[in-house]
Amino acid sequence: MLYMDDPYLEVISYVERIHRRFLEVVKLELEGFGIHDINNVQAMMLFNIGDAEMTVGELTLRGCYLGSNVSYNVRKMVENEYLAHERSVHDRRSIHVRLTEKGIKLRDRLTTMHRRQAEMLSRAAVGADDLQAVGVTLRRLERFWIRAADLVQRPQPLAPVSSSPAQPLFA
């Protein structure tokens, strides 16, 4: 592969692959629980809500979810009774979500899954120090990409077309 000699591109590839593999494990866990009315991404959104009540916008900021997908996934979780939702009394555009009893039960099962996997990590020669070092590096990369996004040259809007007759370029 072209980027295997470039550690930066290799890390980006690893992060993406690790995330997909993790979601595959969550999918298998859900199947093992006999749960078929929620997908792996929705389950992790539910897990990240936890005991909080938050707006859909806060959920987007808190996790790695794309805005349009968050609204769709929240709607599906409400339909399948994992989440309850209500409009904010202060801002009618804002919708607050929280786990229902069914959502709490699934969150608890996912917590157990995470604990079990953390215990398994120690047997896989991945210790707390390793995870802490990776976490530090990933937080630095996140800050870098936030700053990089601010520095990207965005295309300038085109000047409005004038309705007056065309002026010669050189007068």
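It should be emphasised that the depicted structure is a prediction, and the values quoted were computed from it without experimental measurement.
With rounding to the nearest 0.5 angstrom, the CG atom of Asp130 is 9.5 Å from the CG atom of Leu121. Of the inter-residue distances, the one linking Met44 atom CE with Asn73 atom CG reads 13.0 Å to the nearest 0.5 angstrom. To the nearest 0.5 angstrom, Met113 atom CE is 12.0 Å from Arg109 atom CZ. We find the CG-CE distance between Leu59 and Met45 to be 4.0 Å, quoted to the nearest 0.5 Å. Within the model, atoms NE2 of His85 and CZ of Arg75 stand 10.5 Å from one another, a figure rounded to the nearest 0.5 Å. In this structure, CD on Glu119 lies 10.5 Å from CD on Gln117, to the nearest 0.5 angstrom.
Residues Val15 and Ile12 form no side-chain contact, since every pair of their non-hydrogen atoms from C-beta on lies 4.5 Å or further apart. Within the 4.5 Å cutoff, the side chain of Glu86 has no heavy atoms near those of the Ile95 side chain. Residues Leu30 and Lys27 form no side-chain contact, since every pair of their non-hydrogen atoms from C-beta on lies 4.5 Å or further apart. Counting heavy atoms from C-beta outward, Ile49 and Arg98 have side chains that stay 4.5 Å or more apart. Looking at Leu106 and Tyr82, their side chains come closer than 4.5 Å, going by heavy atoms from C-beta outward. Counting heavy atoms from C-beta outward, Glu53 and Val97 have side chains that stay 4.5 Å or more apart.
Between the side chain of Gln42 and the main chain of Asn39, a donor-acceptor pair closer than 3.5 Å is present. Under the 3.5 Å distance criterion, the side-chain polar atoms of Ser122 are left unmatched by any main-chain donor or acceptor of Ala118. Of the possible donor and acceptor atoms, one in the side chain of Asn80 sits under 3.5 Å from a partner among the backbone N and O of Asp37.
Side-chain contact annotation: Thr111 with Arg115, donor-acceptor N/O pair under 3.5 Å absent.
Residue Val134 is grouped with residue Phe144 when hydrophobic side chains (ILVMFWY) are merged at heavy-atom distances under 4.5 angstrom, including chains of intermediate members. With hydrophobic clusters built from ILVMFWY side chains whose heavy atoms lie under 4.5 angstrom apart, Val25 does not share a cluster with Val41. No single ILVMFWY cluster, assembled from side-chain heavy atoms under 4.5 Å apart, contains both Val11 and Val136. The same ILVMFWY cluster, assembled from side-chain heavy atoms under 4.5 Å apart, contains both Leu138 and Trp145.
Arg20 has no carboxylate O lying under 4.0 Å from a charged side-chain N of Glu24, or vice versa, which leaves the two without a salt bridge.
Under the ring pair (Phe, Tyr, Trp, His ring centres under 6.0 Å) criterion, His114 pairs with Phe22, Phe47, sequence neighbours left out. Legend: residues meeting side-chain hydrogen bond (donor to acceptor under 3.5 Å, both in side chains) with Lys76, ordered by chain and number and at least two apart, are Glu79. Judged as a side-chain hydrogen bond (donor to acceptor under 3.5 Å, both in side chains), and not counting sequence neighbours, Arg123 has no contacts.
Of all the heavy atoms in Val26 and Ala43, the pair that sits closest is CG1-CB, 4.2 Å. Closest of all the heavy-atom pairs between Ser94 and Thr55 is OG-CG2, 3.1 Å.
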*Applying side-chain hydrogen bond (donor to acceptor under 3.5 Å, both in side chains), run through Thr112 and Arg116 and close with a yes or a no.*
CA-CA 6 Å; Thr112 301; Arg116 187 178 68 250; over 6 Å; no

